[in-house]
2 protein chains.
Amino acid sequence: MTTMPGPVLGDLDARVAQRLATGGVRYTKGRRLVVRALGRAGGPRSAAELHGRLRPGIPLSSLYRTLTVLADAGVLARSHDGHGVALFELAEWLRGHHHHLVCVECGRVEDVDVGDEHERTLTGVVLAVGAAGDLEVTGHRIDIEGVCGACRA
Amino acid sequence: MTTMPGPVLGDLDARVAQRLATGGVRYTKGRRLVVRALGRAGGPRSAAELHGRLRPGIPLSSLYRTLTVLADAGVLARSHDGHGVALFELAEWLRGHHHHLVCVECGRVEDVDVGDEHERTLTGVVLAVGAAGDLEVTGHRIDIEGVCGACRA
DNA sequence: CACTATAATGATATTGATTCTCACAATACA
DNA sequence: TGTATTGTGAGAATCAATATCATTATAGTG
């Protein structure tokens, strides 16, 4: 169980549409394609990966602009792989809180849902450590590094 | 207490020298400067920051090469900031295991040492989650995000 | 100490991901 | 239908990072 479809993938479009509407941002065909592709993905994806996978060949420049617009609107979250390449995924309020399994061999990143029990434990430590470091904690990001099944084979 | 000098900063040079020697890599003046600068820093730093701080103006191209050499030799660890810019810090065997406090306002990243007790807790959860996700865990990386004291003021 | 092989440096050119520009197309709404 | 506004596509520009290459420094050796 390395991935889990969020409970809301069904009305993903509807939720994104509403969010964009309140910001006066249009939910165009290209933007829909990107959101759906990321909804299907099991982890954060780069612009290049999305560009290769999206069928009606969206030009890279438009894709980058779309990703930026969606990120600015709070629909997508942006992170980076081990080489500084930008990765995009659905924002937490769409995808649900989760962390990442990172393969140190192939670099692949996959979502992992931590159970409530474990998440409570993590949050407790994070809050304590952040407070001790004079940080007003707003969130945390955990990457679990190792060798994935495919790379072990 | 947001930072803590590792127990080995005194003989940092000696430890790095030995490590490089076994790899047939010279510990030159420029490389010493970079290692010491990172030994003084309280967190990971970008090439640009180091370039600005290093006194005998080392050219950027040389600095990048130095950073790459030291990272390849296992002396430095490489990560990335919120914009994909590479950050460098002393490797774990030199600096000691730690995590990062990230200010979401100014982007500054500072080291934070988690106590043994908390670290054991984190490791336990990480191993359990990694195993459940079919990952042979080799390490973990935790960024605690929030607003730093300076930005709150 | 001088000599040679090897490794490191500095200046510059190049790459690659990402962003910007601008003319054109699509959409919303009066 | 007309008009203002927003989005798109193609290509140029940017910027961090890397590669190239001639020059310089260093470690060993005789």
Side-chain angles (χ1 to χ4, degrees), chain A residues 13 16-35 37-38 44-73 75-89 107 109, chain B residues 13 16-37 44-73 75-89 107 109:
Chain A
D13 265 353
V16 172
Q18 172 165 9
R19 173 83 171 223
L20 293 182
T22 67
V25 178
R26 295 181 190 159
Y27 195 25
T28 63
K29 192 182 305 189
R31 293 173 184 175
R32 267 173 221 278
L33 286 173
V34 170
V35 166
L38 285 174
R45 299 289 178 254
S46 70
E49 279 178 289
L50 291 169
H51 182 248
R53 207 174 307 284
L54 286 176
R55 209 51 332 269
I58 298 177
L60 255 187
S61 66
S62 297
L63 178 53
Y64 271 111
R65 182 155 17 98
T66 293
L67 291 169
T68 301
V69 166
L70 293 175
D72 288 350
V75 171
L76 302 185
R78 184 196 297 251
S79 58
H80 296 274
D81 74 359
H83 298 290
V85 174
L87 301 179
F88 297 85
E89 63 186 327
V109 183
Chain B
D13 265 351
V16 172
Q18 173 165 8
R19 173 82 170 222
L20 293 182
T22 69
V25 177
R26 295 182 191 160
Y27 195 25
T28 63
K29 192 181 304 189
R31 293 174 185 174
R32 266 173 222 277
L33 286 174
V34 170
V35 166
R36 287 185 191 143
R45 298 291 178 253
S46 70
E49 280 178 290
L50 290 169
H51 182 249
R53 207 173 308 284
L54 286 175
R55 208 55 326 271
I58 296 176
L60 256 186
S61 66
S62 298
L63 178 54
Y64 271 113
R65 193 179 3 182
T66 294
L67 291 169
T68 301
V69 166
L70 292 175
D72 289 350
V75 171
L76 301 185
R78 184 196 299 250
S79 58
H80 295 273
D81 73 2
H83 297 291
V85 173
L87 301 180
F88 298 85
E89 63 186 326
V109 183

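What you see below is based on every heavy atom in this structure, not just the backbone, and it leaves out hydrogens, waters and symmetry mates. Below, chain A is the first sequence line, B the second, and so on; all start at residue 1. Only a predicted model underlies this, so the values are computations on that prediction, with no experimental measurement involved.
Here the C1' atom of nucleotide dA27(D) and the OH atom of Tyr27(B) are 18 Å apart, to the nearest Å. Rounding to whole angstrom units, CD1 of residue Ile58(A) and P of dG9(D) are separated by 7 Å. With rounding to whole Å, Leu63(B) atom CG is found 13 Å from dA11(C) atom P. In this structure, Leu20(A) places its CG atom 14 Å from P of dT6(D), rounding to the nearest Å. When rounded to the nearest whole Å, the span between CG of Leu67(A) and C1' of dT8(D) equals 14 Å. To the nearest angstrom, C1' of dG7(D) lies 14 Å from CZ of Arg32(A). In this entry the distance linking CG of Leu33(A) with P of dG7(D) reads 16 Å, nearest Å.
Side-chain atoms of Leu60(A) and Leu63(A), non-hydrogen and from C-beta on, do get closer than 4.5 Å to each other. Side-chain contact between Asp13(A) and Arg32(A) is present, with at least one heavy-atom pair separated by less than 4.5 Å. Using a 4.5 Å cut-off on side-chain heavy atoms (C-beta onward), Leu20(A) and Leu70(A) make contact.
For Arg26(B), there are no salt bridge (charged side-chain N to carboxylate O under 4.0 Å, His left out) partners, not counting sequence neighbours. By the side chain to side chain contact (heavy atoms under 4.5 Å, CB included) test, Leu33(A) is found to be paired with Leu54(A), Pro56(A), Ile58(A), residues two or more places apart in sequence or in another chain being considered. The salt bridge (charged side-chain N to carboxylate O under 4.0 Å, His left out) test applied to Arg31(A) returns no partner, not counting sequence neighbours.
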Discussion item. Before you tell me yes or no, could you show the steps for Val35(B) and Tyr27(B) under side-chain contact (heavy atoms from CB on, under 4.5 Å), namely the whole-Å CA-CA distance, both residues' side-chain angles and the distance that decides it to 0.1 Å?
Written reply: CA-CA 10 Å; Val35(B) 166; Tyr27(B) 195 25; 3.4 Å; yes

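For residues 76-89 of chain B, the side-chain hydrogen bond (donor to acceptor under 3.5 Å, both in side chains) pairs, not counting sequence neighbours, are Glu89(B)-His98(B), Glu89(B)-His100(B).
Side chain of Arg19(B) to main chain of Ala73(B): a donor-acceptor pair is present (N/O by atom type, distance under 3.5 Å, no hydrogens or angles).
Positionally, the nearest nucleotide of DNA chain D for Lys29(A) lies more toward the 5' end than for the other of Lys29(B) and Lys29(A).
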Polar atoms only, N or O, under 3.5 Å: list the protein pairs with nucleotides 4-7 of chain C and their distances.
residue: dT6(C); atom: O2; partner: Arg26(B); partner atom: NH2; Å: 3.3
residue: dA7(C); atom: O4'; partner: Arg26(B); partner atom: NH2; Å: 3.0

Worksheet item: Nucleotide by nucleotide, 5' to 3', does protein get under 4.0 Å of the base (B), only the sugar-phosphate (S), or neither (-) in nucleotides 10-19 of chain D, counting heavy atoms?
Response: BB----SBBB

